Each structure stands twice: as C-alpha cells, then as structure tokens.
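Shown next, in structure tokens, is the structure this report addresses.
None of these values were measured; they are calculated from a predicted model. Hydrogens, waters and symmetry mates are skipped; everything else that's a heavy atom, side chains included, is used. Every number for a ligand or one of its atoms is a count from 1 in the order of the listing.
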Amino acid sequence: MVRPMSNTRPRILTGDTPTGRLHLGHWVGSLENRVRLQDQYDCFFLIANMHAFTTRAEKPDEIRRDTLEIVKDWLAVGIDPERSTLVLQTEIPAIAELTWLFAMLVPFNRVMRNPTLKAEIDAKDLGDHYSFGFPLYAVGQCADILAFRAQLVPVGEDQLAHIEMCREIARRFDHLYCGVPTTTDDADYPAKGGVFPVPQALVGRIARLVGIDGVQKMSKSLGNAIFLSDEPGDLKKKCNKIFTGRQAATDPGDPNNALFQYLRAFEPDAAKVADLAEQYAKGAVGDGAVKGEVAGAIDRFLAPIRERRRALDGKPGDAKVLEILRAHMTKANAVAEETLRMAKAAMKLDYGRRTLGF
Ligand code: ATP
Ligand code: MG
C-alpha cells in the first residue's frame, strides 16, 4: 500500500477551460468561493488547456493566449499564488493516465447521456461533428478532481452532472480495487481504505448567471458575456444590449429578468434594488434607467479588478504568469503522481516507479 503524503487541510480542485476570458458568471458561480476558501483548504486551481483542444484543436495560439489571460483574471480577482497552487493540465501527465483508467469504469452511454455535455453540444452548435475527445473531457474532468483527491469542488450549477459522474467513478474505483464496501457513507471512503474521497460540489451564490441575451447561461463561448476585464465603454455598451423582452417602457417589467439578476448580484444596496424592482414591476421605471444602474454597479465591482489586471498587461505580465505556472508544477505533480501511484498499486499495476524532474 502506498501511503499518502501528510495533508492537514482538505483539498479543493476546480478550474476553467481556456476558451476565452473569465466573466461575471465565473465570479458568482465559482471564483468568489475559491478566493474565500484559500485559507481553509489546500487549493488547486486548474487551467483545463487539454480540454480546450476538444473543441478548438485548430487554434493552439488562441488556447495559449487564453491560458495566460485566465491566470491574469485569477490573480486580479484575488487568487493568491502564495497560498494556492495553480495547475496547468497539460503538464500533469498523471491526469491523462487517470483519464484512461477511469474511462474503463463508466459506460460509454452514461457519458453520452450527461446533460452538461448535451447542453454544450446544443449551445456550441457542435452537431454530430464533435471530436472523439470532446465527450472524453467529461471523464478527464473526473481525473482532474480525483488526481488531487479533492474533497470539495466549487462550481456553477451547469457542472453538477460532471461532479455526479466523478462521485460515481470514485466510488466504483474504491469498491472494485480497494475493497471498500458498497454500503459505506460517502464521507468515509478514504477511512475504509479507498484511494479516492467522494468529492462534493459547492455551488456559488448564484448557481447560473444568465447572459446578456437574457436566455442562455453567461458563457465565454456564446458571445453573451460581460468579462472581468471589460473596460467601462464596452461594459456600458453591453449593458445597453441586455435583453429583457419588454415592449414599452410603461409595460409592467419582470423584476426577475437579467437586469435584476445582475443588480442583485452586484449592487450591494439591497434596499435600493428592492425599491427599483417594485417600480419596475409596476411599469414606473424603464429599462434604460435600470440598465444605467446595472452598468454602474458592475463598474464599481470591476474597477479594482481591472486595476490589478492592468499591472499584468503585456509581455512582462505573460512572463510573470509563466513563472508562477512553472513554479507550481512541482507541487502539482508531486500530489498527482502520488495519487497515480496509489491508484496503480490498487489496480495491481505497480511495476515500477517513475519520477518527474524539472
Ligand atoms: P465555455 O463556454 O467554454 O463552456 P464557460 O463560460 O461555460 O465556458 P467554464 O470554463 O466551462 O466556462 O466554467 C468554469 C466554471 O465557471 C465552472 O465551475 C462553471 O460552472 C462556472 N460558470 C461558468 N459560467 C457560469 C455562469 N453563467 N453562472 C455560474 N457559474 C458559471
Ligand atoms: Mg462551460
């Protein structure tokens, strides 16, 4: 049996795919919790750059650019590289190996029935021409989480189906290869000899922030996002475009539409929002006035983030990001390699021992 390294704090693993820059949905769905939990947990934040290739294999330059941009967004919102570990997926070979091993533990049709994948196929118009690797990313994401034996995964609601699959794979592995009884409580898997804890999702303050189209989830691939790095001019333009479906300014408005979702998320003065919602529902205030309030509230939220991000602009910022990513690879690989050794030992695959030097 391979003994795990001492680990006093429970672990978090979560991350983002470099398919664009980060937006307000990322903040309320996941980033806010990541920033808040950095002291309580041993945090691993992963850039899923391998997974970006599942839909953008022909765009390596964009994937590399977005990888650096996302790390800049992380640093700007308060992810602290002194306290948390940044993980670049393609530099962690154990993740790719675990993906293979886990792919044998989940039926093909179970993966294809995953509602998150189905929603992505529709939203990104992938039809039936998506790559073989595209559905595999769902299994790969289980490997991301389990490679770090994370207990907690802060995510938006759209990710819950993926986390459920990850929980199933952890249980199945521990039953099959570690002799953990099937009657075991989810919290007790490691205590009963399992390699993997059964991780829990932690959904953010707003589970699914709507996009400026007023319908779909705000998403970096859908052209409906307000980015954390948007300048005031772009922000204003986007806020003016927020779709409400309201025909005339005097029609009763829906106080739960996109405008009010944004206000409740980013305007700290709750009494002001409640008052505005009441007036809006009566038709006493028009969309234009509320859009102005939304733009103001988001701008005040983004101003300090923009400021910190500016310090990372251009080539010096890129160099700093690469330096952090490289420095963190050692710790990330130490944990993931240890997990892989434990998993391979449980599977009777402990033929030798490799070490990764940097
Ligand atoms: P893509 O369009 O490429 O799928 P995305 O905008 O959906 O990009 P992801 O990288 O897939 O972003 O998601 C990263 C994290 O942010 C996940 O935990 C996801 O649940 C969360 N998240 C993304 N969009 C939202 C949203 N609109 N509301 C709440 N959480 C979100
Ligand atoms: Mg997504």
Can you list everything that forms a salt bridge (Lys or Arg N to Asp or Glu O under 4.0 Å) with Glu97? Sequence neighbours excluded, please.
Lys344, Arg354
Under 3.5 Å: N or O atoms of ligand 1 paired with protein N or O:
| from | atom 1 | to | atom 2 | distance (Å) |
| --- | --- | --- | --- | --- |
| ligand 1 | 2 (O) | Ser219 | OG | 2.5 |
| ligand 1 | 2 (O) | Ser221 | N | 3.2 |
| ligand 1 | 2 (O) | Ser221 | OG | 2.6 |
| ligand 1 | 3 (O) | Thr19 | OG1 | 2.6 |
| ligand 1 | 3 (O) | Lys124 | NZ | 3.3 |
| ligand 1 | 3 (O) | Ser221 | OG | 2.9 |
| ligand 1 | 4 (O) | Lys124 | NZ | 3.1 |
| ligand 1 | 6 (O) | His23 | NE2 | 2.9 |
| ligand 1 | 6 (O) | Lys220 | N | 2.9 |
| ligand 1 | 7 (O) | Lys217 | NZ | 2.6 |
| ligand 1 | 8 (O) | Lys220 | NZ | 3.0 |
| ligand 1 | 10 (O) | Thr17 | N | 3.2 |
| ligand 1 | 10 (O) | Lys220 | NZ | 2.7 |
| ligand 1 | 12 (O) | His26 | NE2 | 2.9 |
| ligand 1 | 12 (O) | Lys220 | NZ | 3.2 |
| ligand 1 | 18 (O) | Gly156 | N | 3.2 |
| ligand 1 | 20 (O) | Gly156 | N | 2.8 |
| ligand 1 | 20 (O) | Gly156 | O | 3.4 |
| ligand 1 | 20 (O) | Asp158 | OD1 | 2.6 |
| ligand 1 | 24 (N) | Lys217 | NZ | 2.6 |
| ligand 1 | 24 (N) | Met218 | O | 3.4 |
| ligand 1 | 27 (N) | Leu209 | O | 2.9 |
| ligand 1 | 27 (N) | Met218 | N | 3.4 |
| ligand 1 | 27 (N) | Met218 | O | 2.9 |
| ligand 1 | 28 (N) | Leu209 | N | 2.9 |
| ligand 1 | 30 (N) | Gly25 | O | 3.2 |

Cation over ring face, Arg21 and Phe227, 6.0 Å, 45°
yes
Can the ring centroids of Phe173 and Tyr177 be said to lie less than 6.0 angstrom from one another?
yes
Can you name the side-chain contact (heavy atoms from CB on, under 4.5 Å) partners of Lys236, sequence neighbours left out?
none
Near-ring test Phe102/Phe196, centroid separation under 6.0 angstrom
yes
For Leu160, the rest of its hydrophobic cluster, which grows through side-chain links under 4.5 angstrom
Val203
